[in-house]
Number of protein chains: 2
Amino acid sequence: MGQVKNNDSFLGKAEKLKPVLKHRMLRPVGVVSFERKKADSGADEMICSGTRPIQELPHQVLGKGQKLVLDFGDHQVGYVSFTIDARGSHFDAPAYIRLKFAERPSELFDRMEDCESWISKSWIQEEFLHIDVMPQKISLPRRYAFRYLQAEVIDTSSKYGIVIDGVSVDAVSAVDMADIQLLDSGDMLLDRIDRVGAKTLMDCMQSVFEDGPKRDRRLWLGDLRLQALANYETFKNYDMVKRCLYLFAGSTFSDGRIAACLFLEPEIAADDSYLMDYALLFGAILWEYYQETGDAETLRELYPRVIQQIDLCMELFVENDLVKEQKEPLCLLDWTVELDRQAGTQGVLIYSMGYGVKLAGEMGDGETARRLVVSMERLRQTARESFWEEEKGAFVSGSSRQVSWATQVWMVLADVPGREESWKLLLHMAETGSELPMITPYMYHYYVEALLHCGMKDEAVNVIRNYWGGMVNEGADTFWELYNPANPDESPYGSVMLNSFCHAWSCTPSYLLRKL
Amino acid sequence: MGQVKNNDSFLGKAEKLKPVLKHRMLRPVGVVSFERKKADSGADEMICSGTRPIQELPHQVLGKGQKLVLDFGDHQVGYVSFTIDARGSHFDAPAYIRLKFAERPSELFDRMEDCESWISKSWIQEEFLHIDVMPQKISLPRRYAFRYLQAEVIDTSSKYGIVIDGVSVDAVSAVDMADIQLLDSGDMLLDRIDRVGAKTLMDCMQSVFEDGPKRDRRLWLGDLRLQALANYETFKNYDMVKRCLYLFAGSTFSDGRIAACLFLEPEIAADDSYLMDYALLFGAILWEYYQETGDAETLRELYPRVIQQIDLCMELFVENDLVKEQKEPLCLLDWTVELDRQAGTQGVLIYSMGYGVKLAGEMGDGETARRLVVSMERLRQTARESFWEEEKGAFVSGSSRQVSWATQVWMVLADVPGREESWKLLLHMAETGSELPMITPYMYHYYVEALLHCGMKDEAVNVIRNYWGGMVNEGADTFWELYNPANPDESPYGSVMLNSFCHAWSCTPSYLLRKL
C-alpha cells in the first residue's frame, strides 16, 4: 500500500503495554466419535455417537486410514503437544498423519477440496506431518483455536501402527476466566450466555484484542469497540484497550484515516482496508475508555485523531449533508454483501459525532463541539428527508430504497427519529421483518443497543435469549462470527468452513446482561 | 520382535567409527518446466518444455494454484532452506504451500492418491506448509533425496502472492566426489556410467551405507557387500565398512542369525527380516575387507559370526544337502515376486562357503576349512543332480522347474558346472533368454560377476553398457533400485512412485569397470 504513516511515539507506548500471556496446560477429556446426519429440516446435524475415557488413548493402536478425535472439553486457543510411538514390529517407514483442529464437530467432516471461497483456504486448521523416528514428542509450532483434534493416519506400514498419547494444549490468553465473577442470575440460559460470552472474549484477548483466534487473528477497530465494552464488565484489562487505541493511532493511512484493521506481524502496519464506521467508532472507544479509567493523558493525545476521523469523512464521503452512495461498501454495519449501506453509514456518522461532542466538551474544545452539533443536526435533518418512507413506515437506503435492520438501528442510535418514533419503528420492524436478516452478532449488538436506547429492556433480553441463546442451544462453547438462525450455512466467504466460531464481536452479552 | 541380541562391545566399536558428514551448500541451477507426453511406445515420456535462469526466481510471484520447479542440476541428498516473502498488499492470511521432492521429473506428476502400494506412502517426499509470517526463512528439518523441487501454492489470498528465493540444499555425505579420480577411458558412455555409479554410492554413504537415501535409508547387508566393493575402488572409506560389519554383528537374532537389515533410529536394532543370501554374504564382506585392509583384529572378532551363519543355514534350511523349498522367499536374489529361489539359494550357500574356507584358512582353523570343503562338494553334487535339466540346457529351480537368470548365475558363481559348462550355459541363456527377466542392478551385478568368472569380459562390458547405460540414456543422475528396460513401470511395490532412484546396490559399475 505504501501509504502507511507511523507514529513511533504512539507505537512505542503500545509496545510497552504488550501483555505477558497466561499459560494453562490442559489435556483432552475424552475420545469422541461423531456422525453427520441429515435432520428433518434437511440441515446437517452432528450426532455424538460415542465417548470413551481419555485413559484409553495409549491403548488405541492406529493403522493406515484410521482416525481418532480428541475432545478438549471447551474451546481452547494454544499450542498442542503430544507423543507418538510405534506398536508392532520396528517402524520401517515414517508415519504420515493428518491433524485437523475444529472449533465445532462439523469441521471434522469438512474437506478442503470442497471449499469454494474467495478468502484463503490457508485458514483451515490442518497439518500433514511425517514422523521419521519414534517415540517422539511433537510440539506443533502454530497456534490453533479448537475444541476437537482429529488425528488421521495416512500411512504407517504393514509392520506397525501408531499410538498417540500425552496430548496437551498450552492454552494462552492475556486474561483468565478464574479471575472474574460470572453472572449468577438464576436464569440458566442467561448465565450460560454470559459464560460463553466471557470465554469468547478471553480466547480473543491475546497480544491484542483479536477478532478471532482462528481467523483473522488481527486487531479490527469495530470489534475492538465491543470487546472493550465487555472487557470493562469482566476482565477489566484497561491496558489492552489503551494499547490497541495507541496501535490504531500509531499506524494510519497517510491522510490520517484510521485503518479498519492492523497487521501485527512481522511488525505493526495498517491494513489498506478502510471502513468508515470502524474509523468513526474510534471516538466512542476513546470516550468509554476515558469514562472507565479517567486517563486524561491518553484522552489528550488521541482526541485530535477522533475529530480528524469525523472531518475526513465529511470531506471525503459527504455531500450536501448526505453520505454519498458508494460502489464499494464504505462500512461494514453487517456482514451481508446485499446490504445497502448509505443510510446506515449516515447513522454511524451522526452517532459518532455525538461522542465527538462529548470528547470536545471534556477537552474544553467548545468551538469543535459547537461545530459538530451544527453538523449533526443538519445530517439528521437530511436523513429524515432522504431516507424516511412513510408508506413503508421505515427508513430506506440507497437508490434501491432498501429497507434493512441496519438502517433502522443506526437511524435510531443516531436519534434521527424521536424517542417515541424510534420505539414504534423498532416494534414495526419486529412485526414486519426485513428483506435482509441480520446475520452477525455485531449487528445484533447494535440492535440490542437500539432497543435499550428506546427503553425496551424486555425486548432486548428476548433478543439476547433467542439469538445468542440460539447459538448456545446449538452447542456453542464460544460465540460465532456469523449466526443466521434461518440458515446454518450462512457465510459471506462462500463456505462456512472459513467462518470463525470464536469471534470477539459476539461477546457482548457479557456487557449487555450486566448493563440492563 | 523381542528376539534381538545385542553385543554392546561390537556396537560400541561401531559407534566410535561413526563418520562426520561433509556438507556442501548448493543452489538450484534453473527454473524448469516439464510436460508428460505419451511416447509412440505408449510409455510416458517427460519433455523439458522450458528452462529459465535461476536469477529470475525472485521476480516470479506465485498465486493460488501456481507452481514452479527448481532444478538442482544433479541428484542431491540433504536439507533444504529457502526464504518466502509476500508481494502485493500486506499478507492477510497464511500462505499454504505444497512441496514435492523428485529424483526424476516423472515424480512431479505422480499423485499420492493414485498410489496403490503395499509399502508405505509415507516415503513419497512431499510436505504441506503454512507460513504465518513473511518474510521468513524456512529450514526444513527432514532430509530429502532429489534433483527437482516443486513448490505449489495451495492458497495465499486475493491480496498477495508469494516469492520464493534463496533456495539452497545443505548436501550431506560421508564422502566427496572431489576426492576421487573418475574413470577416464575415452569411452564417453562408460565414463558417464562410472560417474553416475560413484555419485550413487556417495549419496548413499551417510552415517552408514544406506540402501537408498529416499527409501529405506537403512543398512541392508546385501547392499553393503556391493557398496563396499565399489567403495574400495573409489572413496576407500574403510572405516564405514568396518562400522557396518560391527553393526550387523552387534545386533542379531537371538539364535545368532544376522538380520537382513538394521534400524538406525532411535537406536541400532536388527530388523525382524532375515534373508539367507544376505546373512551368508557377511563372510564375503569380511574377507574382502580383510584383503583390503589387513585388519586382523576385525577378522578375528567377526570370523566366528561367518561360520555361525553357514552352520545355522545348514541346520535350519538344508536337508540331504539340498536347500528346502520355502513358502516365503528365504533369499532376495532379485526383486521379482515370481522368482523361484531354491536353486539360487543353494548357489549362494556354496559360494559363501568358499569365503568361509578362505577365512578359516587365514585364521588357521583347518578343521572348519576341511568340514566346509566337504559340505561344499556335497552341495554341488546334489545341485547338479537336482537342478540340471538336460533338455532345457539349464538349471531349474523348485517343483515348478523354473528356469531363471538368478538360478544360472548363482550355479555358475558356486562352480556347480565346470568352467566350460558355465561358459556355454551363459551363452545359451543370452541366446534363449528366460521366462523371468532380471530387474535389479543387484542381480545384474552378479550376472556380470558370473560372466567375468567365465572370462567373458567383452560380454560383461556389453551388459554394463546396455543395462546401466540404458539408465544413463534415460537421464539417470544416479542408478536406480530397479530397471527393466522392457517395462519402465517395473515395481515390486505396486507403484513406481515408491521405487528408489538412487540405490546403492546399483553402484557397482564403478567397481566392475575398474576391475576388468
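Just so it is clear, the values below take in all heavy atoms, side chains as well, and ignore hydrogens, waters and symmetry mates. Letters A, B, ... mirror the listed sequences (proteins, then strands); counts begin at 1.
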Query raised in the report: For the residue pair B:F91 and A:F263, does the interplanar ring angle fall in the parallel (under 30°), tilted (30 to 60°) or perpendicular (over 60°) class?
Result: tilted
**Report entry** Contact class of B:T156 relative to chain A, heavy atoms under 4.5 angstrom
**Finding:** backbone
**Report entry** Neighbour count >12 (heavy atoms, 6.0 Å) for atom CD, A:E267
**Finding:** no
Query - Close side-chain approach of A:V4 and B:H90, heavy atoms under 4.5 Å - result: no
**Report entry** Derivation of the side-chain contact (heavy atoms from CB on, under 4.5 Å) call for B:K159 and A:I119
**Finding:** CA-CA 9 Å; B:K159 298 191 86 170; A:I119 66 168; over 6 Å; no
Query - Engaged part of A:R215 at the chain B interface, taking heavy atoms whose separation is under 4.5 Å - result: neither
Query raised in the report: What's the shortest heavy-atom distance between A:S158 and B:W118, and which atoms?
Result: OG-O, 4.4 Å
Query raised in the report: Got a sec, which residues hit salt bridge (charged side-chain N to carboxylate O under 4.0 Å, His left out) with A:D92, two or more places apart in sequence or on another chain?
Result: none
Query - Region of B:I124 that comes under 4.5 Å of a non-hydrogen atom in chain A - result: backbone
Query raised in the report: For A:K121, does its backbone N or O pair with a side-chain atom of B:D155 as donor and acceptor, under 3.5 Å?
Result: yes
Query - Exercise: identify the closest heavy-atom pair between B:S117 and A:K64 - result: O-NZ, 4.0 Å
Query raised in the report: Residues of residues 125-135 of chain A under 4.5 Å from chain B (heavy atom pairs)?
Result: A:E126, A:E127, A:F128, A:H130, A:D132, A:V133, A:M134, A:P135
**Report entry** B:S120 side chain vs A:S157 backbone, donor-acceptor pair below 3.5 Å
**Finding:** no
**Report entry** Atom of B:A95, atom of A:S122 and distance for their closest heavy-atom approach
**Finding:** C-CB, 4.4 Å
